[in-house]
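Please read these numbers as outputs of a predicted model, since none were measured by experiment.
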Amino acid sequence: MKACTHYGAVLLLTGSLLGCSSEQGTPASFDVSIYPSKDLAKTYGHYPTFETDVLGARQEEVIRLSKYSPEKYFESGSSLRQYFDPVTYRFSDRNLRKRTFRAGTPEYKKLMGRSPEYLVVLVNLPLMGNQDSEDEKQSDDKLDPRKFVYKIPTGFFDDNPDLYLKIAGAGIVRTTEEDAENDLPEAPETAKEPRSMELRCVPGKTGKPPKPGDPLGNMECREVVPGTEPPDRP
């Protein structure tokens, strides 16, 4: 089988879209799975809240996008973001599950219905390190590590065209499904959920009778984790 030919430059933050079709000149069907990684907590000191946009664009639209920083693209009411109407995945420390941009779904058909030449991924993670001057920021917009532009290839493919991406502190890393699954954070919300507690009460030392409507008024109470102490004897 003829090997799939890939085009385009890979920017730091994202991986490449792999996929070809069985018919020359037709974009492939493919799934893109996006995983947050444990490295995010190492980089930022916590799991930040962020969004990942996936959109399709033609060459002239990619040029237009290259002049926008992620901050400008993601700002509230952005007309450019509204124009592309992207597929958006939201992540936070309370929502760290993987997301899949799946072939055949309505959102997939809608994106590919624009007949895009390029797949574009943008992530609004905060930049770390020293801040550049305004001139440097403008000149580096195309190379911003939170942007990725990849030309959708055509032709035939030998391997599974599905793509697995890890979002790490250094950017989006193309990897294997096994590696992405192993690096998926354990849901931190599990540790944050309040544990079930029992209220243990014994008569107080004052000897005063309880007040009407307040049966615990003369009781000394404390909370304990169920099963950690034997039941109180009557």
Side-chain angles (χ1 to χ4, degrees), residues 10-17 31-55 65 68-78 80-82 84-102 105-108 111 119-132 137 140-141 143-150 162-198 223-228:
V10 178
L11 302 186
L12 178 60
L13 181 59
T14 66
S16 58
L17 169 66
D31 291 347
V32 180
S33 296
I34 301 174
Y35 297 75
S37 75
K38 297 174 183 177
D39 184 67
L40 287 171
K42 296 178 183 178
T43 300
Y44 298 100
H46 64 285
Y47 288 106
T49 297
F50 64 94
E51 294 179 327
T52 300
D53 274 9
V54 180
L55 59 91
L65 270 170
Y68 278 69
S69 68
E71 285 83 6
K72 188 173 181 181
Y73 169 85
F74 279 103
E75 68 184 10
S76 178
S78 167
L80 186 64
R81 192 180 188 193
Q82 293 174 5
F84 283 107
D85 192 17
V87 177
T88 300
Y89 300 104
R90 296 175 176 86
F91 299 87
S92 72
D93 64 343
R94 305 291 295 184
N95 195 345
L96 293 170
R97 62 184 176 84
K98 77 171 183 179
R99 314 299 167 81
T100 301
F101 178 66
R102 197 177 302 280
T105 61
E107 58 190 14
Y108 179 94
L111 186 150
L119 181 92
V120 182
V121 179
L122 298 101
V123 180
N124 67 343
L125 282 168
L127 283 175
M128 302 298 290
N130 296 329
Q131 297 297 314
D132 296 329
K137 287 180 182 178
D140 289 344
D141 276 345
L143 302 178
D144 192 301
R146 298 164 296 173
K147 292 181 182 180
F148 168 63
V149 179
Y150 191 84
D162 293 343
L163 183 64
Y164 303 95
L165 302 176
K166 283 195 311 187
I167 301 180
I172 293 181
V173 181
R174 180 190 167 195
T175 185
T176 64
E177 181 179 14
E178 181 180 8
D179 178 62
E181 291 284 353
N182 289 338
D183 202 25
L184 188 66
E186 296 180 3
E189 61 269 23
T190 301
K192 295 179 181 179
E193 291 177 354
R195 295 179 295 178
S196 175
M197 303 294 285
E198 289 181 353
E223 291 183 337
V224 298
V225 179
T228 59

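At a threshold of 4.5 Å between non-hydrogen side-chain atoms, the residues Val54 and Val32 do not count as touching. Asp53 places none of its side-chain heavy atoms less than 4.5 Å from the side chain of Phe84. No side-chain heavy atom of Tyr47 sits less than 4.5 Å from a side-chain heavy atom of Pro36. Contact check for Leu165 versus Arg174: side-chain heavy atoms found under the 4.5 Å cut-off.
Heavy atoms only, all atoms of each residue included: Leu96 and Pro185 are closest at CD1-CB, 4.0 Å. Leu55 approaches Leu111 most closely through the heavy-atom pair CA-CD1, 3.6 Å. Among all heavy-atom pairs drawn from Phe74 and Val123, the shortest one is CE1-C, 3.8 Å. When all heavy atoms of Ala180 and Thr175 are compared, the closest pair comes out as CB-CG2, 3.9 Å. For Tyr73 against Tyr68, the heavy-atom pair with the smallest separation is N-CD2, 4.5 Å.
A donor-acceptor contact shorter than 3.5 Å is absent between the side chain of Tyr35 and the backbone of Asp179.
Leu125 contributes atom CG, which lies 9.5 Å from atom OG1 of Thr43 (distance to the nearest 0.5 angstrom).
Take Glu178 and apply the side-chain contact (heavy atoms from CB on, under 4.5 Å) test, not counting sequence neighbours, and it matches Thr176, Asn182. Take Ser78 and apply the side-chain contact (heavy atoms from CB on, under 4.5 Å) test, not counting sequence neighbours, and it matches Glu75, Leu80, Arg81. With sequence neighbours excluded, the residues that form a side-chain contact (heavy atoms from CB on, under 4.5 Å) with Thr100 are Asp31, Ser33, Lys98, Arg102. The ring pair (Phe, Tyr, Trp, His ring centres under 6.0 Å) check on Phe101 picks up Tyr108, with sequence neighbours excluded. Take Phe50 and apply the ring pair (Phe, Tyr, Trp, His ring centres under 6.0 Å) test, not counting sequence neighbours, and it matches Phe91. In this structure, the side-chain contact (heavy atoms from CB on, under 4.5 Å) partners of Asp183, at least two apart in sequence or on a different chain, are Ser37, Lys38, Lys166.
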